[in-house]
Amino acid sequence: MTYSQSEVEQYIAEEDVKFIRLAFTDIFGVQKNVSIMPRELSRAFSDGISIDASAIPGFGGEVRSDLILHPDPGTLAVLPWRPERGRVVRMFCAITHPDGTAFAYDTRAILQRAVADAQAQGYSFSFGPELEFYLFQRDENGEPTKTPYDRAGYMDVSPIDKGENIRREICLILDQMGLEPESSHHEGGPGQNEIDFRYSDPVSAADAMTTFRFVVNTIATLNGLYADFSAKPLPSHPGNGLHINLSVHSFDSPQRDVLKYALAGLLEHICETTLFYNPTQNSYLRFGGEKAPLFVSWSEENRSMLARIPAAHGDYRRVELRSPDPTCNPYIAFTLAIRAALDGIKRELELPEPIDFNLYHAPEETTQRFKRLPERFDKAAALALESPFIAQCLPRELIENYAYRYRNNR
């Protein structure tokens, strides 16, 4: 359900809400928030709530540290694990400077502009993310370990699959928050799980992914566990992937098949965008095995490919991009996917031939003819810094923050 400002004010007055969390993300997609009391809500809607952004990664230093949060009433959600009496709710926010000008590094706003540009060109996009994560035990001091919660395998059932009840609790809470998980199951690694979302518009899908990571971390902690979304938590087991399902619809020519051009655009720009789909050094340990792609390729059903177009018809036709991992900022990831797809559609880029064999087990004389994803963080960073396409999509300082993220830690 989408709420208006007056409906939010009425809900908070009538439902014993005591705390309102104004949420946003830093440039890396890590959720932040400030809590206000209900008596401050009217001021939040009219003038916004000031925050000191000097300590938030990518938000600038002390010179211009004041930023203003403006809650989006359409994103109101109750946090169901908080007390029934004295409820806590959350709203995502737009970020501006005190003079009302937009904050350049508000990645949610960057995605909103990409959506608006797509609509101006006659196209609408939908996204359905699929996220994988591990559940690990904690030690006697509550610190995370690398001991998996169970030893189950792909789509196993209880009692071998101990994560079944955790996934159930997560899905029920997401449903109470107005989100739509579509399916869930145990993944291939010990303690590894996956929950998939129903298709929605790009901003709602990115909000859902941000909320999902927050909910999973919370429910895991409440159950004495640790949720790990990193790309390669265990060296000898499958990594965590984020499969981004994307569909595109043309307003002006509904019968025109633009999906193939969109996919061609994604493949055209995939190497220079990899830094933002795979933003940590750990991300690059995942490529090249256990259903994690390495080569720039596509197919219709082959899961050893970077991208595929699964068998479906009509509104269910989609591209599945398989290289990203769950540590990415979904607002940036979806922005770049839209921009790359639009470029492919505009230029009517041709797809290479689909691949119908397993690239994981292909001999070197076969694989050497395929372009590779960057296999190290520094290579991905260099490609992003040099890319005219990325420069058109994102602010320069944001790009540099990603590229030099680990400069002082080497």
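For the pair Arg318/Ile309, no side-chain contact is recorded, criterion being any heavy-atom separation below 4.5 Å from C-beta on. Residues Phe334 and Val203 form no side-chain contact, since every pair of their non-hydrogen atoms from C-beta on lies 4.5 Å or further apart. With a 4.5 Å cut-off on side-chain heavy atoms, Thr210 and Phe92 count as touching. Using a 4.5 Å heavy-atom threshold, the side chains of Pro235 and Lys232 count as separate. Residues Ile68 and Ile95 are not in side-chain contact: their nearest non-hydrogen atoms beyond the backbone lie 4.5 Å or more apart. The closest side-chain heavy-atom distance from Ile195 to Ser183 is not below 4.5 Å. Two residues are said to be in side-chain contact when any heavy atoms from C-beta on lie closer than 4.5 Å; Glu320 and Glu130 meet this criterion. The shortest side-chain heavy-atom distance between Val78 and Val88 does not fall under the 4.5 Å cut-off.
Between the side chains of Asp228 and Ser230, at least one donor N or O sits under 3.5 Å from an acceptor N or O. No side-chain donor from either of Glu132 and Asn193 sits under 3.5 Å from a side-chain acceptor of the other. Looking only at atom types and distance, the side chain of Tyr11 has a donor-acceptor partner in the side chain of Arg87 under 3.5 Å away. A donor-acceptor contact closer than 3.5 angstrom links the side chains of Asn329 and Thr107. For the residue pair Thr280 / Ser283, a side-chain donor-acceptor distance below 3.5 Å is found, with atom types taken as modelled. Between the side chains of Ser204 and Asp201, a donor-acceptor pair is found at a separation under 3.5 Å. In this model, a donor atom of one side chain and an acceptor atom of the other lie less than 3.5 Å apart for Arg90 and Thr211. Inspection of the His186 and Asp150 side chains reveals an N or O donor paired with an N or O acceptor under 3.5 Å. Side chains of Asp325 and Thr327: a donor-acceptor N/O pair is present below 3.5 angstrom, by distance only.
The aromatic ring centres of Phe214 and Trp81 sit less than 6.0 Å apart. Taking the ring centroids of Phe197 and Phe212, they lie under the 6.0 Å cut-off. Less than 6.0 angstrom separates the ring centroid of Phe276 from the ring centroid of Tyr402. Checked against the 6.0 Å centroid threshold, Tyr134 and Tyr149 do not count as a close aromatic pair. Between His185 and Tyr154, the ring center distance clears the sub-6.0 Å criterion.
Across Leu373, Leu266, Ile244, a single residue satisfies side chain to side chain contact (heavy atoms under 4.5 Å, CB included) together with Ser323, and that is Leu373.
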Checklist entry - Taking it one step at a time, do Glu187 and Glu194 satisfy side-chain contact (heavy atoms from CB on, under 4.5 Å)? => result CA-CA 6 Å; Glu187 258 296 335; Glu194 178 177 319; 2.8 Å; yes
Checklist entry - Would Arg168 and Glu164 satisfy salt bridge (Lys or Arg N to Asp or Glu O under 4.0 Å), going step by step from the backbone distance to the final call? => result CA-CA 6 Å; Arg168 174 182 175 275; Glu164 186 176 88; over 6 Å; no
Item to check | Test log, rule side-chain contact (heavy atoms from CB on, under 4.5 Å), inputs Lys32 and Thr25 | outcome: CA-CA 5 Å; Lys32 309 287 186 178; Thr25 68; over 6 Å; no
Next on the checklist: Quick one, Tyr261 with Arg256, criterion side-chain contact (heavy atoms from CB on, under 4.5 Å). Give me CA distance, side-chain angles, the key distance, then yes/no.
Outcome noted: CA-CA 11 Å; Tyr261 300 130; Arg256 182 184 176 210; 3.9 Å; yes
Checklist entry - Are Phe103 and Tyr105 close enough, and set up right, to give a ring pair (Phe, Tyr, Trp, His ring centres under 6.0 Å), and what steps lead you there? => result CA-CA 6 Å; Phe103 178 55; Tyr105 310 120; 5.5 Å; yes
Checklist entry - Going through the distances and angles, do Leu385 and Glu400 end up as a side-chain contact (heavy atoms from CB on, under 4.5 Å)? => result CA-CA 7 Å; Leu385 286 168; Glu400 291 175 351; 4.0 Å; yes
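Remark: Arg405 is positioned above the aromatic ring of Phe28, its terminal NZ or CZ atom under 6.0 angstrom from the ring centre and at most 45 degrees off the axis.
Atom CZ of Phe19 has 12 or fewer neighbouring heavy atoms from other residues, nucleotides or ligands inside a 6.0 Å radius. Annotation for Lys146: atom NZ counts as buried by contact number, over 12 foreign heavy atoms lying within 6.0 Å.
Summarising the geometry, atom CE belonging to Met305 is positioned 6.0 Å from atom CD1 belonging to Ile355; distances are rounded to the nearest 0.5 Å. Summarising the geometry, atom CG belonging to Asp106 is positioned 10.0 Å from atom NE2 belonging to His70; distances are rounded to the nearest 0.5 Å. Here Phe133 contributes atom CZ and Arg213 contributes atom CZ; the two are 13.0 Å apart, rounded to the nearest 0.5 Å. For the atom pair CD1 (Ile219) and CG (Leu222), the distance works out to 5.0 Å, reported to the nearest 0.5 Å.
Asp343 and Arg347 are joined by a salt bridge, as a carboxylate oxygen and a charged side-chain nitrogen come within less than 4.0 angstrom of each other. Using a cutoff of 4.0 Å between basic side-chain nitrogens and carboxylate oxygens, Asp378 and Arg376 are scored as salt-bridged. The pair Glu169-Arg167 does not meet the salt-bridge criterion, since no charged nitrogen lies less than 4.0 angstrom from a carboxylate oxygen. Electrostatic pairing of Lys379 and Glu272 does not count as a salt bridge here, judged by no charged N lying under 4.0 Å from a carboxylate O. In summary, Arg308 and Glu300 do not engage in a salt bridge, as defined by a charged side-chain N under 4.0 Å from a carboxylate O.
Closest non-hydrogen pair, Pro326 versus Asn240, comes out as CD-O, 3.3 Å.
Checking side-chain atoms of Asp156 against main-chain N and O of Ala152 turns up no donor-acceptor pair under 3.5 Å. Listed for the Glu7 side chain is a donor-acceptor partner under 3.5 Å among the backbone atoms of Ser4.
The aromatic rings of Tyr284 and Phe377 lie perpendicular to each other, with more than 60° between the two planes, well past the 30° mark. A parallel orientation is assigned to the rings of Phe136 and Tyr226, their planes being inclined by less than 30° (bins at 30° and 60°).
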